[in-house]
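One structure is given below, encoded as structure tokens.
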Number of protein chains: 2
Amino acid sequence: MTKINPVNILKEHDLKHTKQRVRVLEEISMDEVAISQPELEKKLGKEIDRVTLYRILNTYEDKGILHRIMDMNGTANYAICSSSCSEHHHHDEHVHFNCTSCFKIYCLEVRIPKIKMPDGFTAKTMSTTAYGTCEKCNANPVKPD
Amino acid sequence: MTKINPVNILKEHDLKHTKQRVRVLEEISMDEVAISQPELEKKLGKEIDRVTLYRILNTYEDKGILHRIMDMNGTANYAICSSSCSEHHHHDEHVHFNCTSCFKIYCLEVRIPKIKMPDGFTAKTMSTTAYGTCEKCNANPVKPD
DNA sequence: CAGACAACTGCAATTTAATTGCATATACTA
DNA sequence: TAGTATATGCAATTAAATTGCAGTTGTCTG
């Protein structure tokens, strides 16, 4: 995962520079895996109001700064978008890996293969998630934190 | 979509035959698209208690009778599993199509292509969803019901 | 650098979704 | 058809998400 600069990202997207917004970006870029809304809330709950967090995440998603990955429970997970994402088009068409042991979600460096749609169906975007055990959990079985 | 017989399905899975369970299967097999929990609740809310519906859906999923597809909003959608599904393994590895206009979810007759995982990652199941406009909405732009 | 405007944040209140416990009703078995 | 196990419905609870609004904080301009 490339090193990101929260302040630049905000500038690039015409967003005001506030400490809450910077903190959210810092936290999300901390780890190379996606982070869930509840985890974020747990980590930032003391500094950032619950509602503000929702709003920041929505703003970031709209602007193409984050992409959102739903896990099997319908919980939102967030990861930094690659630089080619824009407000109007997300280029997050890589495969995600959802570990069923530690529940982490990884953005893999694997593109989603082209799939031919049946007649009449027009696909704009694709989402693929693999479920299984990740490298860490395969190495040493571990419990979620 | 093959014609299903609710009573047989219940028998095959050692589930008691109740009118609520039959109704849920009837309703879900009505259409060839997956149906969301809220839609089901809207349709069956007069006959079946909200809580009972949750429980029936969970039971069916556990037993491999239904498979659950999460849409972009984290809402659960349900479709009848192909007959090869069992309690311990779902064979629903076909591509889903989520229409962003009418919000229907289709189970396509397209298998998810094999994708090679990075070293250390073991994938047990895969899920692929295409987002776009379905045949009906392509033919005549329409609003969701 | 100060003032003004627009936008963001936090709090309170509300809405919506999901879960749990328990009493009653219902299916299956002998 | 009586007995038992299980499913259902209701009430209450817990959790998640949204909305409105007042007060605060950034940014721009003069």
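A note on names: the letters A, B, ... follow the listed sequences, proteins ahead of strands, and every chain is numbered from 1. What you are looking at is a predicted structure, and each value in this text was computed from that prediction instead of being measured.
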In whole angstrom, give the distance that lies between atom [atom1] of [X] and atom [atom2] of [N].
X	N	atom1	atom2	value
D49(A)	dA13(C)	CG	C1'	13 Å
M70(B)	dA17(C)	CE	C1'	12 Å
R21(A)	dG10(C)	CZ	P	11 Å
L57(A)	dT9(C)	CG	C1'	14 Å
Q37(B)	dT16(C)	CD	C1'	12 Å
Y54(A)	dG10(C)	OH	C1'	15 Å
E41(A)	dG10(C)	CD	P	13 Å

Extract, from 5' to 3' on DNA chain D, the first and final nucleotides lying under 4.0 angstrom from some heavy atom of chain B. dA5(D) to dA11(D)
Do R23(A) and E26(A) sit within salt-bridge range, that is, some charged N less than 4.0 Å from a carboxylate O? yes
Write out a two-atom table: protein N or O, nucleotide N or O from nucleotides 24-30 of chain C, distance below 3.5 Å.
{"unit_1": "dC28(C)", "atom_1": "OP1", "unit_2": "H17(B)", "atom_2": "N", "d": "2.8"}

Looking at every heavy atom in both [X] and [Y], which two are closest together, and how far apart are they?
X	Y	answer
I115(B)	P113(A)	CD1-CD, 3.6 Å
K124(A)	T133(B)	NZ-OG1, 4.4 Å
V33(B)	I105(B)	CB-O, 3.3 Å

Looking at E93(A) and M126(A), would you say the former's side chain and the latter's main chain have a donor-acceptor pair under 3.5 Å? yes
Would you list the pairs meeting ring pair (Phe, Tyr, Trp, His ring centres under 6.0 Å) in which at least one residue belongs to residues 22-42 of chain A, sequence neighbours left out? none
Check side chain to side chain contact (heavy atoms under 4.5 Å, CB included) between R50(A) and all other residues, then give those that pass, not counting sequence neighbours. E41(A), Y54(A)
Check whether the ring centres of Y106(A) and F121(B) lie less than 6.0 Å apart, and answer yes or no. yes
May I ask you to check whether over 12 heavy atoms, not counting those of N8(B), lie within 6.0 Å of atom CG? yes
N73(A) atom CG: more than 12 heavy-atom contacts under 6.0 Å: yes
Touch check for [X], heavy atoms < 4.0 angstrom, all strands: base, sugar-phosphate only, or nothing?
X	value
E47(A)	sugar-phosphate
R55(B)	base
R50(B)	base

For the helix from dC1(C)-dG30(D) to dA30(C)-dT1(D), measure the angle between the helix axis at one end and the axis at the other, each built from five pairs, rounding to 10°. 40°
Please list all pairs meeting salt bridge (charged side-chain N to carboxylate O under 4.0 Å, His left out) that have one or both residues in residues 9-21 of chain B, counting only residues at least two apart or in different chains. none
